[in-house]
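Convention: sequence-line order gives letters A, B, ...; per-chain numbering from 1.
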2 protein chains.
Amino acid sequence: MNPVIAFNSKVVCKSCTLLGICLSTGLSGPDLAKLERIVKRTRPLHRGDLLFSTHSPFTSLFVVKTGSIKTVRQNPDGSEQVLGFHLPGEFIGFDAIQEDSYTCDAEVLETTAVCELPFDQLSELSQLIPDLQHQLFRLLSKEIADESKMLSLLNRKNAEERLAAFLTGLSCRFQRRGFSPTDFYLSMSRSEIGNYLGLAVETISRLLSRFQEDGLLIVNRKHIRLLNLERLHYLAGNDTRVQRKGQQQAAGK
Amino acid sequence: MNPVIAFNSKVVCKSCTLLGICLSTGLSGPDLAKLERIVKRTRPLHRGDLLFSTHSPFTSLFVVKTGSIKTVRQNPDGSEQVLGFHLPGEFIGFDAIQEDSYTCDAEVLETTAVCELPFDQLSELSQLIPDLQHQLFRLLSKEIADESKMLSLLNRKNAEERLAAFLTGLSCRFQRRGFSPTDFYLSMSRSEIGNYLGLAVETISRLLSRFQEDGLLIVNRKHIRLLNLERLHYLAGNDTRVQRKGQQQAAGK
DNA sequence: CGCAATATTGACCACTCTCAATGAGGGTGG
DNA sequence: CCACCCTCATTGAGAGTGGTCAATATTGCG
């Protein structure tokens, strides 16, 4: 679908998010070249494709170059849990290291290109390059910290706050990658958003309508435009300043 | 309080959980000795002590030797979120690597001994010992996978299932460390359990009473005895076999 | 021995889920 | 090209789980 990606992954990769990440953390030229050498070339993926699936042997980490991917796990009772959405520049597969097999499915949400990093080679390389090792530790650590923020979100926030947090979160992540923070496409369905946030589809739908009525955003199917980022941040509770109400279960001890 | 720990941390450490972990993963004798050499000796901690606190500079990972520790984060709105409880053999501090400072408070719940692992030295050492590096990756990865299970728990399970999952979870963790899986002390308060599971204190209290009425367990303040582990696992939804009801929000797509 | 913190139990109510009906696209085949 | 179908999204009405508030044990600590 996007020939540019298919033709010269080298070029794309150079300019791409994976290296963006590594550069920003102080990998120097030659080290970077080594890293680049182990990146496996992959062909573009399409909506519905599985990048990997649960129980298949763990071989590689992936970084999204363009597009988006959701990770999903099947619960013992047969229900599904969406674990996350992965945008350009973000890693997938960290949870598989410990099991030697993937612990979730990674499903492509739209036409998507990824970098594949064979983990064996990445490990070897990080034996040679301390900075790389440290960077990997940081990335894993970031993942842990992010997930624990998700825990707060699910435990402490109501539906409105969750959706506002979700939208502002996307906004920030897009902005960091150079996309518009106020104008983007939701590659995931309402139902996937709801599943991820622990809310029913209907709740997502109702809230988007309400946010639109309140002039916070304009939503049209997959396209969304955030009109009042400040207020959304406020609703999300990202705001350190005064809070508007005594949260439920306010304190622990 | 426990003089054995204070007197010869060497001996305790050898037999202790930290090395239990590393041994189980194939670190050989000499490598193990190197690891042991960087373990910093620390004095026992008491209820209410902070092992570290938010924003203080990140220096070390910790492993609980005996006792227990909770990790808590302050939300922007002033409410607290309990992030986890850490039992003997379990690590604390992974989330701090990326920030170079701790992102939560680690508060001691009862008299507790820990191993301190200065992260700089640990990093250096894992440059020399590939197995150690790999083991660290695994530990971080495990943390990520565990947290994503927590996400499923909060999103898909009702109060009863959450508490059952919490209790069976503790049971398994105790058993793995050689303690009784059916008979243990809850070092955390009802309120801390509720905070962690996203439930009100009252709900925890009510459920414990109900579980007791149903003959699943006997609870007396901090002490708990699980009478019917199988059924608790079943209630927790850990059971792969037939499930008892159509879970809410059954599917994603 | 009394105060403060923690736990238990009850009554009420709100948030959000469930169920149900309708609408809107997007793809396929006639 | 349009009719048809299927999935996804929206909107409404009713119900249930679990939170909030409040009162009362119970415990532990100074």
| said: Check this one for me: any side-chain N or O of T203(B) less than 4.0 Å away from OP1 or OP2 of dT17(D)? | reply: no
| field | side-chain N/O K222(A) vs dA9(D) OP1/OP2, d < 4.0 Å | value | yes
Using a distance-only criterion (donor-acceptor N/O pair, under 3.5 Å, no hydrogens), is the base of [N] paired with the side chain of [X]?
X: E202(A); N: dC19(C); answer: yes
X: R190(B); N: dT26(D); answer: no
X: R221(A); N: dT7(D); answer: no

| message | Within the structure provided, determine whether H223(B) and D183(B) are in side-chain contact (heavy-atom separation under 4.5 Å). | response | yes
| Quick one: are L87(A) and F179(A) in side-chain contact, heavy atoms under 4.5 Å? | no
Rounded distance in Å - [atom1] ([X]) to [atom2] ([N]):
X: L163(A); N: dA9(D); atom1: CG; atom2: P; value: 13 Å
X: R206(A); N: dT18(C); atom1: CZ; atom2: P; value: 12 Å
X: N155(B); N: dT16(C); atom1: CG; atom2: C1'; value: 14 Å
X: N158(B); N: dC17(C); atom1: CG; atom2: C1'; value: 13 Å
X: R210(A); N: dA9(D); atom1: CZ; atom2: C1'; value: 18 Å
X: M188(A); N: dT7(D); atom1: CE; atom2: P; value: 21 Å
X: L199(A); N: dC15(C); atom1: CG; atom2: P; value: 14 Å
X: E161(A); N: dT16(C); atom1: CD; atom2: P; value: 9 Å

| query | Can you say whether the rings of F184(A) and F174(A) are parallel (under 30°), tilted (30 to 60°) or perpendicular (over 60°)? | reply | tilted
| said: With nearest nucleotide decided by heavy atoms, which residue, A159(A) or V219(B), maps closer to the 5′ end of DNA chain C? | reply: V219(B)
| Could you go step by step and tell me if E116(A) and S60(A) meet the side-chain hydrogen bond (donor to acceptor under 3.5 Å, both in side chains) rule? | CA-CA 6 Å; E116(A) 176 171 357; S60(A) 304; 2.7 Å; yes
| request: Can you figure out which of dT17(D), dC8(D), dT10(D) approaches the side chain of S189(A) most closely? | output: dC8(D)
| field | Of L83(A), V64(A), V114(A), the residue whose pairing with I92(A) passes side chain to side chain contact (heavy atoms under 4.5 Å, CB included) | value | V64(A)
